[in-house]
Each structure stands twice: as C-alpha cells, then as structure tokens.
Amino acid sequence: MKTNFLQFVHKEFLHILRDKRTLLIVLLQPAVMLLLFGFAISTEVNDIRVAVVSPKITDGVTDAVNRIANNPNFIFYGYISQNEIDEVLRRSDVMVVVIFAADYDMRMIQAADGQQTSPPVQIVVDASNTNIASSASVYLQNILFDKASVQSMFETRLLYNPQMRSAYNFVPGIMGVIFILVCAMMTSVSIVREKEVGTMEVLLVSPVRPMRIIVAKMIPYFVISCVTLAVILLLSFYVLDVPMSGGIGGIVGLSMLYLTLALAFGLLISTFAHTQVAAWLVSAVVMLMPMIMLSGMLFPIENLPLVLQGISCIVPARWYISAIRKMMIEGLPFSAVLNECAVLCVMLITLVGVSFKKFNDRLE
C-alpha cells in the first residue's frame, strides 16, 4: 500500500514537471510579483520638484535651500516670485513651494531661543496627490527644522523601519497573498482536472484509499511551494534588503503551516468546482479582492469599518501577514506570534475537516 501511495506521488511530480505552464505560474509568478511590488510599486516619494520664494536671499536661506537641493528626495526648481506660485503649481512644474519670510534668519534665532514668533517658513503643497503632499511636507519639515537650526519640542524615533522603506511593508503582504492564491489555485485545478477528464473515477477504484490519493496530489504542490518560499525569502533578504530579524526558523515554520492551509483551501474549492475554469475563477478572482483589501497588505485593518474588521478575521492572510511582519521587521521571536499561529491552526483543521467530509459525501 505504501508503494502504491509513493507511486501516486511520483506520478503527480512527473505530471507537474511536464506541464511547463504550471511550473511557470508556481515558480516565476511569485518572484515577479515580489520584485514588482518591491521596486516598481512603492509608496516612497522621490524627485519632488521644489521652488523657493524668498524676498531676501540671506545666508540662512541659502543654507536651507542647499539642504533641500542636496536631498535625494527633492529636485530644486529654482527661485520664483510670489506671483508665480499659483501658476507653477497649476502647470505641475513644481509640487511644493517653500516661502521664506523676509526676516527668516532673525525668526529662526528667536525660535531657537524659545521666544514666541510667527512661522519663518510657509510650505505650499499641491495636495491633488495626497501621498506626495503628506510625504513632501514631512520631508521638508525634517530638513528645514533640524536640531541644528531650531530646538525641537519633542523627538521622533522611527523603530524597525527608520528609512520608511515600502518593501518592508509589501514583502510580508505579498507572501501572504501569493501563497494562498498560487497554492489554492494549483491544487484545486489539479484535482478538478482529474474529475473533468474522467480519470478521477479510475484512480478511486485503485487499491489506494481515496484520501491517500488526494494527499498524494497535494504533496508535490507542497514541495514546489516550499521551493517558492525559499526563492521569495532569498530575494527579500539579498535583493530587497528586508531583514529576517526574528529568526529564519520561525519564519519558515509559520510559512509552511500557511502553505498547508493554502493547499487545504484548494482542496475545499475542488469539492465545489466542476470545471477547471470555475476553479480558476474562484481561486484567482473571488479570493483575490478579499485577500488584498482585508488582509492588511495595503490598508491598516484598524481603518476599516467594524463590519469589515469582523469579516477580515476569517481571512487567513490577515493573521499570516501580521505574524510575518512581527518576526521579519520587528525582530520578535516565534513565541510572540503564538496567537496568530493558533488561529491559522484552527483554520487549517476546519478546512481539512470540511474538505474531506465534502469529498467523502461526493464519493457516496
């Protein structure tokens, strides 16, 4: 019986290796998506064009303008007059205009001494793009009002991601979405294909028990998913410079649990879908939006309405992404994500139980 089971596993491996399209999707697509989100799709704002208005170009103004011009986030457009502000903003020649007061140097000295004074600088920002507007304002405040020029009322410290790199946010999210989509998609399509072409009935009359046949079909996809996991972790660490501060063992262990959950999801889909097209649609379309919108990949869960926050609790990617961020970015050990791990285990047991029951009911 054991030999027959291993033969089924071997058959599935051969089938996958012969199917170049499947290998392309399982191995290449995750790497492409990771690099795309890590490099091309970025929330970091660069090359912000800045113009300056100054009635008097003093030493203090020159020093401040030099700090702006030498910062890699900005492109210095030049000096303009007060009357040109609206024109250059409307033409999109610049995104930000910095207006220095005529007595800028004196006001900065008064501010440094703690004296009450009107603002020495005004920042006019084109807020048609809110991401650029908020980032440009923060960047300029950090440049113009550093500790060397004015004594701060408070100190801001950025922990875990002081460079504010968007890859630190996207990589855990992409991992959560890729694994659930690819693993569920490939598993469901593989099982439905057997039913669609009529070979499932032939397999079920073999000496191997039906559940063993299903497990045999899932094992090759689990192995390939582990290879995909290794590729993603290597790209994240060596190409995108995402840290693995919490320990690689805990990250791999939690990811393998999540991979098993994704395979169980695919098994559940296969019990409902009757055609490969239906399995593709359920896996790729129906699951895609909830995974992206309700997992915390792009938007904080806390910003969602209470109803959607409740729905997000049944999205596996939410718990996996949260745990991976804690271990990869914050450097917490595996013991700090036991709650998330417990939730994923409950989901796995539930999915496996429901899937096997539905599969047995169909056999009967």
Side-chain angles (χ1 to χ4, degrees), residues 38-170 240-243 300 329-330:
F39 286 112
I41 304 177
S42 174
T43 58
E44 300 166 16
V45 179
N46 298 308
D47 298 333
I48 305 172
R49 297 183 299 278
V50 181
V52 171
V53 175
S54 180
K56 295 174 60 178
I57 304 179
T58 62
D59 291 340
V61 171
T62 301
D63 179 64
V65 171
N66 287 336
R67 291 203 300 272
I68 296 173
N70 293 328
N71 190 283
N73 294 316
F74 297 101
I75 297 176
F76 180 53
Y77 178 80
Y79 289 93
I80 62 174
S81 66
Q82 189 86 25
N83 297 329
E84 295 178 282
I85 295 177
D86 188 66
E87 182 182 353
V88 294
L89 287 173
R90 287 184 183 277
R91 291 202 313 257
S92 298
D93 292 339
V94 300
M95 294 175 249
V96 184
V97 176
V98 180
I99 306 173
F100 291 93
D103 54 347
Y104 169 79
D105 292 4
M106 182 60 66
R107 293 190 188 184
M108 292 297 290
I109 294 174
Q110 292 174 349
D113 293 338
Q115 301 177 21
Q116 293 292 332
T117 180
S118 56
V121 177
Q122 294 182 24
I123 300 175
V124 182
V125 185
D126 176 7
S128 59
N129 187 320
T130 55
N131 187 32
I132 293 177
S134 59
S135 299
S137 179
V138 172
Y139 291 170
L140 283 172
Q141 289 180 44
N142 291 334
I143 293 173
L144 297 174
F145 302 103
D146 60 3
K147 292 182 179 180
S149 59
V150 62
Q151 184 176 1
S152 301
M153 297 295 294
F154 56 88
E155 180 182 357
T156 301
R157 297 176 60 195
L158 300 176
L159 301 180
Y160 316 125
N161 185 12
Q163 297 86 13
M164 297 293 289
R165 298 188 57 190
S166 58
Y168 284 28
N169 177 56
F170 279 128
L240 299 176
D241 295 325
V242 177
I329 312 303
E330 298 180 23

Heavy-atom count check: over 12 atoms from other residues, nucleotides or ligands less than 6.0 Å from [X] [atom1]?
| X | atom1 | result |
| --- | --- | --- |
| Glu330 | CD | yes |
| Asn70 | CG | yes |
| Arg90 | CZ | no |

Could you tell me if the side chain of Val96 sits less than 4.5 Å from the side chain of Val124, heavy atoms only?
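Of all side-chain heavy-atom pairs linking Val96 with Val124, none is under 4.5 Å.
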Val242 vs Ile329 side-chain heavy atoms within contact, under 4.5 Å:
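Side chain of Val242 against side chain of Ile329, heavy atoms only: contact under 4.5 Å found.
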From Ile48 CD1 over to Ile68 CD1, what is the distance, rounded to the nearest 0.5 angstrom?
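Going from CD1 on Ile48 over to CD1 on Ile68, the span is 11.0 Å.
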Starting at CZ of Phe74, measure out to CE of Met95 and round the result to the nearest 0.5 Å.
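Those atoms lie 10.0 Å apart.
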Under 3.5 Å: donor-acceptor pair, side chain of Glu87, backbone of Glu84
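The answer is no, because no donor-acceptor pair under 3.5 Å joins these two groups.
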Partner of Val97 by side chain to side chain contact (heavy atoms under 4.5 Å, CB included), out of Ile85, Val125, Ile123, Asp86
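Of all the options given, the one that passes is Ile85.
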Of Val121, Thr58, Val53, which meets side chain to side chain contact (heavy atoms under 4.5 Å, CB included) against Phe100?
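Result for side chain to side chain contact (heavy atoms under 4.5 Å, CB included) with Phe100: Val121.
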Work out which heavy atom in Arg49 is nearest to a heavy atom in Asp93; give both atom names and the distance.
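For Arg49 versus Asp93, the nearest heavy atoms are NE-O, 2.7 Å.
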Could you please spell out the steps behind the side chain to side chain contact (heavy atoms under 4.5 Å, CB included) verdict for Val50 and Val98?
CA-CA 7 Å; Val50 181; Val98 180; 3.8 Å; yes
Report the C-alpha distance between Tyr79 and Phe76 in whole Å, list the side-chain angles of each, state the deciding distance to 0.1 Å, and finish with yes or no for ring pair (Phe, Tyr, Trp, His ring centres under 6.0 Å).
CA-CA 9 Å; Tyr79 289 93; Phe76 180 53; 5.7 Å; yes
Side chain to side chain contact (heavy atoms under 4.5 Å, CB included) partners for Asp63, two or more places apart
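Asp63 satisfies side chain to side chain contact (heavy atoms under 4.5 Å, CB included) with Arg67 once adjacent residues are dropped.
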